[in-house]
Participant: 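Here it is: the structure, laid out below.
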Amino acid sequence: MITVASCSSSLLPSLQSLPGFLFKSRTFFYFHQIQNPQRFCKLFTQKRFHNALLSPRSSVQFPSHPNPDILLSYLISAVGSCSSISYCRAIHSCVIKSFNYTDGFIGDQLVSCYTRLGRADDARNLFDEMPNKDLVSWNSLISGFSRRGYVDKCLDAFFRMKFEMGIEPNEVTLISITSACASRGAIDEGKYTHGFALKLGMLWEVKLVNSLINLYGKSGYLDAVCRLVETMPVGNIVSWNLMIASHAQNGTAADGVGYFNLMRRAGINPDDGTVLSLLEACENLGLQKLAEGVHGLITKCGLYANATVATGLLDLYAKLGRLNYSLKVFEEVNNPDKVAWTAMLAGYAVHGNGREAMELFEGMVKVGVEPDHVTFTHLLSACSHSGLVKEGKNYFDIMSQVYGIEPRLDHYSCMVDLLGRSGLLNDAYELIKRMPLKPNSAVWGALFGACRVYGNIELGKEVAERLFSLDPSDSRNYIMLSNMYSAAGLWRDASKVRALMKEKGLIRNPGCSFIEHGNKIHRFAVGDRSHPELEKIYTKLEEVIGKIREAGFVSKTEFILHDVEQAVKEDMISKHSEKLAIAFGLLVTNAGMPIIITKNLRICGDCHSTAKLISLIEKRTIIIRDSKRFHHFAAGICSCGDYW
DNA sequence: ATAGGGTTAG
């Protein structure tokens, strides 16, 4: 124990003010490594403290473990987890001053720190100076690269270690490399590592197998995942979680839920990883009912207090169209962190609640949570989705001027969208020309969307060319251009674009809409005749469209691409998938409930107008999620303000 | 009692 009397008097108050200071050296360091690395490092770098710690004649005594190396190693992990390069350098120079060497585990830790902070060169320099590099040293270097996703650097170090130095890798080495491969989708390198693991007979290591499951699951090799699991002697909860996640990520989310049921039958209690995998499955299945079930599970397992889980749930509800549920979850999170605030902000943004997003942002700043580049992406997106041009411009300026965040591509595409929405096409184009980054397809796509809405064919053509050269196989761009021509009555140009598409072997992604009913998702495609309730749905649709026609509404046939007879056009357009889904929704949901529909593509103009009118005539709220955002239709108006 | 490793939210 450190006795109070032996502590230097000026140091004591600051020590005592730290939460969890137990006057026990080990506990103290450990506690702060986990709880408050930032503050811990700050305190340490105040000279007096580290001098006291490192001096052999220190008045502070650590009777049980006087080895400063151990304490320093805690400290250095703390530096790593508070991701501050200045602390890292401070500790480094302190180590050199005090010990005049950096080797052994102090060296290992510093190497790991530098690599984790993305300072590969500093790490390499330090590493090369270390005279006694053992397996752990190499693993520290490799794991640091791994955390940053530097697959090549991992493998490079691996080769040097194995073939130049003759040090045999162990499972830790291979796990680090595999997880780097998984995070970057480097499947060939991952397979190579897998081969190595086989050669060394290491596939009995559960953690190694798990990292391989993750690799194959993330890269879409579900069959490889299944083969691995068959050969695995015994898995643990992480293996189960990864199986659920692998299915959720590869279009077989229902099987993922099946694995969850098997897991429960095997008597294994779900943890945060399980629940997060299930949330992913819910998102893919689009089942609100299932999400509520997982919500219940979260509560039952006491995982609601876990910030990651709560944020995942909040985000899921927003994506499923239940923004009110998201808000409820958010309000129950105590001390929401940056990610939780941003998730809520993103929910408001995608639903077009710009004012709420702004208020939320102000609230976040007020309580002292620092926004980052993701926060601003969603804030700007919220402004653009709600037409808050002036506000958006202001936030864009504040972002770099006040928060020191340099705008990224996402921010630029939001700004282009924002300017384009208010018809400032030239300003938007100027912004693209001025931006210091190379504009990507999202940026050009935002301008293209504005050209479509404002019918600026000249600029649209130019932008389309850019998009064609950036993404030659993205059929959406050809379709948009063709639509633009059709809307302007330029049928010949429209058919040329379609011919070009055909020439390139591109096919139009067929539109379809989804709606949940009775624990199941009902899918509708254009003119779909496969649904069992077909007759009723078409009858309902005709009835509603009849009511709309009576009210004097004429179908916006310009949204149909083909130059066909008016009557045929009207017939085709009335069978669009979102209309079928709305008709179905009117039939099966209670009058008080919103009709929630998901569409794989962007909603078409006619369906948008129709949805507005149905919301008015049938007095129903209709929520449609298209590939870009949510549209809330109520009393004849849409939350998007007719710009999307 | 100390260093390197598997799944994790915006």
Side-chain angles (χ1 to χ4, degrees), chain A residues 24-27 29-30 33 62 64-65 67-77 80 104-113 115-116 134-144 146-147 169-180 182-183 202 205-215 217-218 235-246 249 271-277 279-280 283 303 306-316 318-319 326 329-330 333 336-347 349-350 364 371-379:
Chain A
K24 216 185 209 179
S25 60
R26 201 168 50 244
T27 319
F29 274 86
Y30 191 66
Q33 175 194 347
F62 300 98
S64 51
H65 302 286
N67 184 353
D69 279 10
I70 293 165
L71 300 172
L72 257 181
S73 71
Y74 276 126
L75 176 68
I76 294 171
S77 337
F105 32 75
I106 295 299
D108 297 344
Q109 288 259 328
L110 276 168
V111 164
S112 166
C113 260
T115 46
R116 256 184 280 173
D134 62 3
L135 176 62
V136 175
S137 314
W138 284 97
N139 284 348
S140 302
L141 184 72
I142 292 171
S143 91
S146 167
R147 280 166 199 258
N170 67 355
E171 73 282 3
V172 176
T173 324
L174 298 182
I175 289 167
S176 296
I177 301 173
T178 313
S179 79
S183 70
M202 280 178 188
E205 283 289 336
V206 181
K207 287 182 182 181
L208 182 49
V209 178
N210 286 345
S211 72
L212 287 167
I213 294 176
N214 184 38
L215 166 78
K218 283 226 165 58
N236 60 13
I237 187 163
V238 177
S239 319
W240 283 101
N241 297 349
L242 285 167
M243 282 309 283
I244 300 168
S246 294
Q249 290 155 359
D271 69 359
D272 54 343
T274 318
V275 162
L276 287 164
S277 302
L279 291 175
E280 205 173 348
E283 190 189 329
L303 291 166
N306 180 314
T308 311
V309 169
T311 306
L313 181 65
L314 180 173
D315 178 50
L316 175 68
K319 284 177 174 151
S326 297
V329 175
F330 179 72
V333 176
D337 65 1
K338 180 172 74 183
V339 182
W341 282 98
T342 305
M344 192 61 231
L345 190 62
V350 80
M364 168 181 183
D372 70 2
H373 68 102
V374 186
T375 317
F376 276 100
T377 299
H378 294 294
L379 181 60

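Note on naming: letters A, B, ... go to the chains in the order of the sequence lines (proteins, then strands), and numbering restarts at 1 for each one.
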Participant: Show the nearest heavy-atom pair for residues A:A310 and A:V333, with the distance to one decimal.
Facilitator: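 Reported closest heavy-atom pair: CB-CG2, 3.8 Å.
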Participant: Has the side chain of A:S146 got a donor or acceptor atom that lies under 3.5 Å from a matching backbone atom of A:I142?
Facilitator: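 No, A:S146 side chain to A:I142 backbone: no donor-acceptor pair under 3.5 Å.
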Participant: What integer distance in Å separates A:M202:CE from B:dG4:C1'?
Facilitator: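 So the CE-C1' distance, A:M202 to B:dG4, works out to 13 Å.
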Participant: Would you sort out whether A:I213 and A:S246 count as a side-chain contact (heavy atoms from CB on, under 4.5 Å), showing the intermediate values?
Facilitator: CA-CA 8 Å; A:I213 294 176; A:S246 294; 4.0 Å; yes
Participant: Send over the distance from A:L316 CG to B:dT8 P, rounded to a whole Å.
Facilitator: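 From A:L316 CG to B:dT8 P: 17 Å.
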Participant: So among A:S140, A:S143, A:S137, which one has a side-chain hydrogen bond (donor to acceptor under 3.5 Å, both in side chains) with A:D108?
Facilitator: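 Result for side-chain hydrogen bond (donor to acceptor under 3.5 Å, both in side chains) with A:D108: A:S137.
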Participant: Establish, with yes or no, whether the OP1 or OP2 oxygen of B:dG4 is under 4.0 angstrom from a side-chain nitrogen or oxygen of A:R147.
Facilitator: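 Indeed not, no polar side-chain atom of A:R147 lies that close.
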Participant: Can a side chain N or O of A:S143 be found less than 4.0 Å away from OP1 or OP2 on B:dG5?
Facilitator: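 So the side chain of A:S143 is within the cut-off, an N or O lying under 4.0 Å from OP1 or OP2 of B:dG5.
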Participant: Tell me what A:D337 touches on the nucleic acid: a base, only sugar-phosphate, or nothing, going by heavy atoms under 4.0 Å.
Facilitator: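 Touches a base.
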Participant: How many Å lie between CG on A:D134 and P on B:dT2, as a whole number?
Facilitator: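 Result: 17 Å.
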Participant: So A:V206, base contact, sugar-phosphate only, or nothing? Heavy-atom distance under 4.0 Å.
Facilitator: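 A:V206: base contact, heavy atoms under 4.0 Å.
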Participant: Could you check which of B:dG6, B:dA9, B:dT7 has an atom nearest any side-chain atom of A:L242?
Facilitator: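 Nearest to the side chain of A:L242 among the choices is B:dT7.
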Participant: Just by distance, no angles: are the side chains of A:N139 and A:T173 close enough, under 3.5 Å, to form a donor-acceptor pair?
Facilitator: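 The answer is yes; a qualifying pair exists.
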Participant: Which one, B:dA9, B:dG6, B:dT7, comes nearest to the side chain of A:T311?
Facilitator: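 My answer, after comparing the listed nucleotides, is B:dA9.
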Participant: Is there a side-chain polar atom (N or O) of A:K207 under 4.0 Å from OP1 or OP2 of B:dT7?
Facilitator: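 Negative; the distance criterion is not met.
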Participant: Base, sugar-phosphate alone, or nothing: which one does A:T173 contact when heavy atoms must sit under 4.0 Å apart?
Facilitator: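 A:T173: no heavy atom of the nucleic acid under 4.0 Å.
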Participant: On the nucleotide B:dT7, are OP1 or OP2 found under 4.0 Å from the side-chain N or O atoms that A:N214 carries?
Facilitator: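 Yes.
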Participant: Given B:dG10, B:dG4, B:dG6, identify the nucleotide with an atom nearest to the side chain of A:N236.
Facilitator: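 Closest nucleotide to the A:N236 side chain: B:dG6.
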Participant: Can you check the A:N210 CG to B:dG6 C1' distance for me, whole Å?
Facilitator: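 That distance rounds to 5 Å.
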Participant: What does A:L314 touch in the nucleic acid at a heavy-atom separation under 4.0 angstrom: a base, only the sugar-phosphate, or nothing?
Facilitator: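 Contact class for A:L314: none.
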Participant: Report the distance from atom CG of A:D315 to atom P of B:dG10, rounded to the nearest whole Å.
Facilitator: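 So the CG-P distance, A:D315 to B:dG10, works out to 5 Å.
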Participant: Which listed nucleotide (B:dG4, B:dT7, B:dT8) is nearest to the side chain of A:T308?
Facilitator: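 Out of B:dG4, B:dT7, B:dT8, the nucleotide with an atom closest to A:T308's side chain is B:dT8.
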Participant: Choosing from B:dA3, B:dG6, B:dG10, which nucleotide comes nearest the side chain of A:T375?
Facilitator: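 When the side chain of A:T375 is considered, B:dG10 is the closest of B:dA3, B:dG6, B:dG10.
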Participant: Please work out if A:A182 contacts a base, only the sugar-phosphate, or nothing of the nucleic acid, heavy-atom cut-off 4.0 Å.
Facilitator: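 It contacts nothing in the nucleic acid.
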Participant: When you get a sec, tell me which of B:dG5, B:dA3, B:dT7 is the closest nucleotide to the side chain of A:V136?
Facilitator: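 Closest nucleotide to the A:V136 side chain: B:dA3.
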Participant: Using distance alone, with no hydrogens and no angle criterion, decide if A:T375 and A:T342 have a side-chain donor and acceptor under 3.5 Å apart.
Facilitator: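 Yes, side-chain donor-acceptor contact under 3.5 Å.
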Participant: For A:N306, answer base if it contacts any base atom (sugar-phosphate contacts may also be present), sugar-phosphate if it contacts only those atoms, and nothing otherwise; contact means non-hydrogen atoms under 4.0 Å.
Facilitator: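 Nothing, no heavy atom under 4.0 Å.
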Participant: Looking only at non-hydrogen atoms, find the nearest pair between A:L314 and A:A340 and report the distance.
Facilitator: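 Closest pair (atom of A:L314, atom of A:A340, distance): CD1-O, 4.2 Å.
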Participant: Taking CD from A:E280 and C1' from B:dT7, how many angstroms apart are they, rounded to a whole number?
Facilitator: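 Going from CD in A:E280 over to C1' in B:dT7 covers 10 Å.
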Participant: Under 3.5 Å, is there an N or O donor on one side and an acceptor on the other linking the side chain of A:N170 and the base of B:dG5?
Facilitator: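 When only heavy-atom distances are counted, A:N170 does not reach the base of B:dG5 through any donor-acceptor pair under 3.5 Å.
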Participant: May I have the distance from A:K218 (atom NZ) to B:dT7 (atom C1'), rounded to whole angstrom?
Facilitator: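 Between C1' of B:dT7 and NZ of A:K218: 7 Å.
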Participant: Taking only the side-chain heavy atoms of A:K319 (C-beta and beyond), determine which of B:dA3, B:dG10, B:dA9 contains the nearest atom.
Facilitator: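 So the nucleotide nearest the side chain must be B:dG10.
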Participant: Could you check whether the side chain of A:T342 and the base of B:dG10 have a donor-acceptor pair of N or O atoms closer than 3.5 Å, going by distance alone?
Facilitator: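 Donor-acceptor pair under 3.5 Å: yes.
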Participant: To the nearest angstrom, how far is A:I142 atom CD1 from B:dG4 atom C1'?
Facilitator: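 Rounded to the whole Å, the gap is 10 Å.
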Participant: Out of B:dG10, B:dG5, B:dA9, which has the shortest distance to the side chain of A:H378?
Facilitator: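 Comparing B:dG10, B:dG5, B:dA9 against the side chain of A:H378, the answer is B:dG10.
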